[in-house]
Amino acid sequence: MFSSVLSAGAPLLLLLSHLSTTNAAPAASLEPFDSCTTYPAWTVQKFTSFSSDSVGGGSVGAGVAGPTASFLMTNSLTGTTDEVTCKLQVNYRCIVQGIKSDQNVTVHIAIRAGFVELIVDEVVEGCPGREAPLHVIAREDVEIDCTWDDGEEAGGAVACVQVLEADILQGEAIELAPG
């Protein structure tokens, strides 16, 4: 679980992204909930990324405009699935601020060797007895399998896909350090 205290003033790369939402009807079992006391899990499916690990390389393969990452993310409380897509900075990280179904959700994506680190931060305003917003944060390392266009494990275009069919990121309330 995510137990670290995050600094609200930490420098972050900001990159707005293309987002769309699949408005699948929520399952009939979904109950009304209080977002100040009930925290969602997010299910991540179909993660893919395309990038280049060549110095100065701009192309990442046929039909791919630049280094990108994309996946489907479903909120367990609402049943809503968002398609999250972003342009990777320095071929391995990006931040999505606001998803179509919830503008108060930020997703941090960092591709590492063999996994992608995903952090979801949902800001909940107006909780009773709180002056500052509540942050519901989930963090998970999602295993990925990467292949290189030239068959080698270094140089050229790299395509990565999620190994498991789905990974679950469980949200929990986290107090952010002021600053």
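Every value quoted in this text rests on a predicted model; they were computed, and no experiment measured them.
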Between [atom1] of [X] and [atom2] of [Y], what distance do you get to the nearest 0.5 Å?
X    : Y   : atom1 : atom2 : value
E83  : K46 : CD    : NZ    : 9.5 Å
H108 : C94 : NE2   : SG    : 10.5 Å
C146 : F50 : SG    : CZ    : 10.5 Å
I95  : Q97 : CD1   : CD    : 6.5 Å
E122 : N75 : CD    : CG    : 6.5 Å
I168 : W42 : CD1   : CH2   : 13.0 Å

List for me each residue that meets side chain to side chain contact (heavy atoms under 4.5 Å, CB included) alongside [X], sequence neighbours excluded, and say none if there are none.
X    : answer
T37  : D34
F115 : R112, E117, D141
L164 : D167

Side chain to side chain donor-acceptor pair (under 3.5 Å) involving [X] - partner list, sequence neighbours excluded:
X   : value
T43 : none
T74 : T81
T38 : none

Between [Y] and [X], is there a side-chain heavy-atom distance shorter than 4.5 Å?
X    : Y    : value
L169 : V44  : yes
V84  : I99  : yes
V120 : M73  : yes
I119 : I137 : yes

Closest approach of [X] and [Y], non-hydrogen atoms and distance?
X    : Y   : result
P40  : L77 : N-CD1, 3.6 Å
G171 : Y39 : O-CB, 3.6 Å
V96  : C86 : CG2-CB, 3.8 Å

task: Check the pair S101, D82 against side chain to side chain donor-acceptor pair (under 3.5 Å), reporting the backbone distance first and the verdict last.
output: CA-CA 7 Å; S101 67; D82 288 289; 2.4 Å; yes
query: Among L118, T48, T85, which one satisfies side chain to side chain contact (heavy atoms under 4.5 Å, CB included) with F71?
result: L118
field: Pairs meeting criterion salt bridge (Lys or Arg N to Asp or Glu O under 4.0 Å) with involvement of residues 66-80, two or more places apart
entry: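 Found none.
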Give every donor-acceptor pair under 3.5 Å between a side-chain atom in residues 123-135 and any protein atom, sequence neighbours left out.
| from | atom 1 | to | atom 2 | distance (Å) |
| --- | --- | --- | --- | --- |
| R130 | NE | A132 | O | 3.3 |
| R130 | NH1 | E175 | OE2 | 3.0 |
| R130 | NH2 | P133 | O | 3.2 |
| H135 | ND1 | D121 | OD1 | 2.8 |
| H135 | ND1 | D121 | OD2 | 3.2 |

task: List the steps, then state whether side-chain contact (heavy atoms from CB on, under 4.5 Å) holds for F47 with I144.
output: CA-CA 8 Å; F47 177 90; I144 55 176; 3.7 Å; yes
